Amino acid sequence: MSRYDPATIEARWQKAWAEAGLFTAKRDPSKPKYYVLEMFPYPSGRLHIGHVRNYAMGDVIARYKIATGHAVLHPMGFDAFGMPAENAAMASGGHPKDWTYANIDAMVEQFKPLGLSLDWSRMFATCDPEYYGQQQALFLDMLEAGLIDRKPAVVNWDPVDMTVLANEQVIDGKGWRSGAEVEKRELTQWFFKITDMAEELLDALGDLDDWPAKVRLMQENWIGRSRGIEIRFERTDGGAPILCYSTRPDTMRGASFIAVAPDHPVAKELEANRPDLAAFIDECRKMDTTEAAMEKAEKKGIDTGIRVKHPVYADRELPVWIGNFVLMDYGTGAVFGCPAHDQRDLDFARKYDLHVQNAFYMPGQVAEVGTEALVPAKSEVVSFIDHFAGVGEVTSAEAIDATIDWFEDKGLGKGQVQFRLRDWGLSRQRYWGCPIPVVHCADCGVVPEKKENLPIELPYDNGNEPIDFSIPGNPLDRHPTWRDVPCPACGKMAKRETDTMDTFVDSSWYYTRFTAPRAETPTQADDVAYWMNVDQYIGGIEHAILHLLYSRFFARAMIKTGHLPESAAEPFDALFTQGMVTHAIYKSTKDGRPVYHYPEEVELKDGKAFVNGTEVEVVPSAKMSKSKNNVVDPLAIISQYGADTARWFVLSDSPPERDVEWTASGAEAANKHLARVWNLCDRIAAMDPAAKGQGDEDLLREMHKTIRDVTVGVESFGFNAAIAKLYAFTGVLSKSKASHKAQREAVMTLAQLMAPMTPHLAEDVWHHQGGEGLCAAAPWPVADEAMLVEDSVTLPIQINGKRRDEITVPKAMPKDEVEKLVLGNDAVMRALDGGQPKKLIVVPGRIVNVVV
RNA sequence: GCCCGCGUGGUGGAAUGGUAGACACAGGAGACUUAAAAUCUCUAGGCCGGAAGGCCGUGCCGGUUCGAAUCCGGCCGCGGGUACCA
């Protein structure tokens, strides 16, 4: 009897699959197609156990779809532009390109032993000029189609390093390297006009039935459609009126001040002559630009001295303040403050001693607002005292509509639909990204590059010398020859755009490129027609908003520019968001500093952890991080247990959408189970084919139930539940005394059902039992309905909702006969004590509840 | 701050309105063995009880329902996103 030896069998079957060309995607009109895609990785250089989980899930689907007769496309590539490559070059010399490609090579090698059903012939990286050149072509087409805009936008500016910082590089308002206080700077930047499609992107969410509801909801809130009103406030000094946008015009009566953004024209107009305002505006410019920081910051303001008239109560004058909480990007950059009905406005009013006046009360109550604003839900009824749009009790929603109508009638304002969504700024002042293919000419202005000049390649060096990445700023800006080029329109010397594209652009269309990765145009009509859409997309929930929304926008933009068919407007038919793989942190303290121990150093005893005999703290379920020494290396796991064990474990231990904690004992258990199946296979192979067996029927019934349950599990991403059924069936089979014929059928079916998760082991079992061809190519087993029918059913009997007993009855027994049996049950008779039940509920085939 | 999730035995989890704890890990008991490892069998939410059985129990508080881990409201804790991390 041999031993389960994954190292040997995994290599053997990977070779066999490659030779059979099983995973090379081929258009085949005779088969239904299936495109399964996992979000492609950033080439950090090391495959992470979290990747293994992500790709194992996609692999289960892909292999299952092959077995069910589909032409499957299951590609892999690399999302290869981005900051880490530049950071690496900055930290330790070298070139972002060399670093990135070395990492890609290393990761491809790490991918191979996992035995994934990937079509490597379609592999590309977004930093390949062949890819980003097509992206530049797309950009030019989108520019021509009016989908792209140029306008000013604010960036984080490090005044010491003289460079733009990403939000991540700003720590407590200071530059991560220089430590200098970060300022805001306005630059003219490129934008995708995603807001033009806001309505469309919102409406289409309703049809994404196979997307998680939470993702649709997050996108809906992110797009943030609201109906409100734009109201003109006339200035008492005769200056240009101030326009305010509000979604709660029902509170207009209580308006007591106006707040404008620090970069609002009114603020800018006054800045020059008012040092106090200038100082305040300056302070606001130093604030973190992130939404989270803005919202959490203390609300501050300063009175401009300007006054406006209340548009309805003409005798009331409202002061105009500059508020650090008002966003120039949203609405008009100015709001009216109604302290009585908005908590933030109330806090602000109390702080600066501004007037507080109710617009309405709760019905029957007339109480002035104290420290808590009265904020009714839109469905709540409120009572207006002398509301200009009507007096009485109405819901807030009705009041809002009535107010908008009233203002429109009087010509004082206009109803408006507003979106929270902002245009997508794509300019990045960085080297390692896709160059934006335009030229700035003194005479012609902004001129698009000619398509025949694409790709506009990133220069590898700086003329004759290497690029020095340790100098802050964008090296393209100071490149002697790359930057200065003839204008594509007039031929005079001009300056190439040195900004590169946001890396989200790269990942917004890669899924279309996989359908024809070497095409001379971004996509190829017959290939996108056949393969699109992605039938199943799999990735992390962290991409719920940005990546997925940008991709949805891009698909629509690609339709408008003729690169995709209309049917691809929603490019991902089904989406699944999986959880992370976490691992415990082992932590102790030395000289007041935390010390993190590697799992290998740790001894586990009675749920406690020890390093060299000293107990250490265990922090469970922590995100894997190099600095915490809790990263699990898939290659180490594979060399110890094999790929099948790693795959089986990451799929078995948690529901796929939830985080899973990697534990050594869990991996050990998975490995034991696979060895058990291996031994079972050996035992069955050694059986005497002629020997009589017993219980064939029971075994096969169990087998068909398992086929049904595993199929349902695989199709619904219930991998852990499917695996539990496989454990149970393995148990039944190992105890079975059935004939050789039945046991052989059972173990071969078991292998097939396990094949999507543990393809190598399955292949080996299949082969040992004399299966025909490759298990990976064998048709998926189908459950025999006749074998699934049960003739009796066990019904739990509840008394007042608590389970007290159970009865087993023929499945077809009529309800009244079940009732009779129940009333004769001992436990029920005891509970009734001679009386009649208040109610008797029989749910056929499920449960009985007696209410006494 | 705001938006979206999640919370069940010692542990990972199952059950998506109908028997809470399937399946597995760690634990306990046993078989095999000179012994150990490996393997196999049994056991196992908590409390009371010899047992039969009873009571409690799905983060906390409340509600809807014949029946709630599941639906609704309010809280607490943790995680993701928050537009230049990918």
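Remember, predicted model here, so these are calculated numbers, not experimental data. In what follows, every chain begins at residue 1, and chains take the letters A, B, ... in the order their sequences are listed.
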What I'd like to find out is whether the side chain of A:Trp211 reaches to under 4.5 Å of the side chain of A:Gln219, using heavy atoms alone.
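Contact flag for A:Trp211/A:Gln219 side chains = yes.
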Could you state the atom-to-atom distance from [atom1] of [X] to [atom2] of [N] in whole Å?
X        : N      : atom1 : atom2 : value
A:Ile799 : B:rG54 : CD1   : P     : 9 Å
A:Ile49  : B:rG12 : CD1   : P     : 19 Å
A:Asp288 : B:rC2  : CG    : P     : 18 Å
A:Arg658 : B:rG80 : CZ    : P     : 16 Å
A:Tyr727 : B:rC25 : OH    : C1'   : 9 Å
A:Ile545 : B:rC85 : CD1   : P     : 14 Å
A:Asn87  : B:rA86 : CG    : C1'   : 12 Å
A:Leu651 : B:rA24 : CG    : P     : 17 Å

Establish, from distance only, whether the side-chain atoms of A:Tyr641 and A:Trp648 form a donor-acceptor pair under 3.5 Å.
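Absent: no donor and acceptor within the cut-off.
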So, A:Trp424 versus A:Asp502: side-chain donor-acceptor pair below 3.5 Å or not?
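Checked: A:Trp424/A:Asp502 side chains pair up, N/O donor to acceptor below 3.5 Å.
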Could you tell me how far [M] sits from [N] if I compare only their [atom1] atoms? Round to whole Å.
N      : M      : atom1 : result
B:rG10 : B:rC6  : P     : 23 Å
B:rG59 : B:rA69 : C1'   : 12 Å
B:rA68 : B:rG17 : P     : 14 Å
B:rG49 : B:rG54 : C1'   : 9 Å

Going by the angle between their ring planes, with limits at 30° and 60°, are [X] and [Y] parallel, tilted or perpendicular?
X        : Y        : answer
A:Phe192 : A:Phe554 : perpendicular
A:His51  : A:His48  : perpendicular
A:Trp432 : A:Phe81  : perpendicular

Centroid separation under 6.0 Å, is that true for the rings of A:Phe78 and A:Tyr42?
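Ring centroids of A:Tyr42 and A:Phe78 are no less than 6.0 Å from each other.
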Please tell me if [X] has a side-chain N or O lying less than 4.0 Å from either OP1 or OP2 of [N].
X        : N      : answer
A:Arg428 : B:rA86 : no
A:Arg803 : B:rA20 : no
A:Lys839 : B:rC66 : yes
A:Asn800 : B:rC66 : no

Counter-base of B:rG49, judged by Watson-Crick or G-U geometry with both distances under 3.5 Å:
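Paired with no nucleotide.
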Map A:Lys725 and A:Gln429 onto RNA chain B by nearest heavy atom, then report which one ends up closer to the 5' terminus.
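On the 5' side of the pair lies A:Lys725.
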Using heavy-atom distances to pick each residue's nearest nucleotide on RNA chain B, tell me which of A:Ser654 and A:Lys802 is more 5'.
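The answer here is A:Ser654.
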Taking the side chain of [X] as heavy atoms from C-beta outward, which of [options] is closest to it?
X        : options                : value
A:Gln798 : B:rG18, B:rA83, B:rG54 : B:rG18
A:Asn720 : B:rG13, B:rG81, B:rC84 : B:rG13
A:Ile541 : B:rA83, B:rA14, B:rG80 : B:rG80
A:Trp222 : B:rU82, B:rC84, B:rG18 : B:rU82
A:Asn849 : B:rC66, B:rC25, B:rU19 : B:rC66
A:Leu217 : B:rC23, B:rA83, B:rC4  : B:rC4

Report yes or no: is the cationic atom of A:Arg3 (NZ for Lys, CZ for Arg) closer than 6.0 Å to the six-membered ring centre of A:Trp678, at no more than 45° off its axis?
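Geometry flag: not set, cation outside 6.0 Å or 45°.
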Go through residues 290-297 of chain A and report each residue with a non-hydrogen atom lying under 4.0 Å from RNA chain B, sorted by number.
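Hits under 4.0 Å, by residue number: A:Thr290, A:Glu291, A:Ala292, A:Glu295, A:Lys296.
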Sorted by number, the residues of residues 497-507 of chain A with heavy-atom contact under 4.0 Å to RNA chain B:
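Per residue number, the list reads A:Thr503, A:Phe504.
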Enter the distance from A:Lys184:NZ to A:Cys284:SG here, rounded to the nearest 0.5 Å.
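Rounded to the nearest 0.5 Å, the NZ-SG separation comes out at 7.0 Å.
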Can you list the residues that meet the side-chain contact (heavy atoms from CB on, under 4.5 Å) rule with A:Ala198, with sequence neighbours excluded?
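Partners of A:Ala198 under the side-chain contact (heavy atoms from CB on, under 4.5 Å) test: A:Ile223, A:Phe419, A:Leu421.
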Classify [X] by what it touches in the nucleic acid, base, sugar-phosphate, or nothing, heavy-atom distance under 4.0 Å.
X        : answer
A:Arg420 : base
A:Val164 : base
A:Pro212 : nothing

Using the purine O4'-C1'-N9-C4 or pyrimidine O4'-C1'-N1-C2 torsion, is B:rG9 syn (within 90° of 0) or anti?
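Because its glycosidic torsion lies within 90° of 0, B:rG9 adopts the syn conformation.
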Between A:Glu291 and A:Lys296, does any side-chain N to carboxylate O distance fall below 4.0 Å?
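Looking at A:Glu291 and A:Lys296, the cut-off is not met.
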Go through A:Arg552 and A:Leu205 one step at a time and tell me if the side-chain contact (heavy atoms from CB on, under 4.5 Å) criterion holds.
CA-CA 10 Å; A:Arg552 296 179 60 222; A:Leu205 286 172; 3.3 Å; yes
Taking atom types as they are modelled, is there a donor-acceptor pair under 3.5 Å from the base of B:rC4 to the side chain of A:Glu220?
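Check fails, no donor-acceptor contact within cut-off.
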Can you find a donor-acceptor N/O pair under 3.5 angstrom joining the side chain of A:Asn221 to the base of B:rC3?
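No, no donor-acceptor pair under 3.5 Å.
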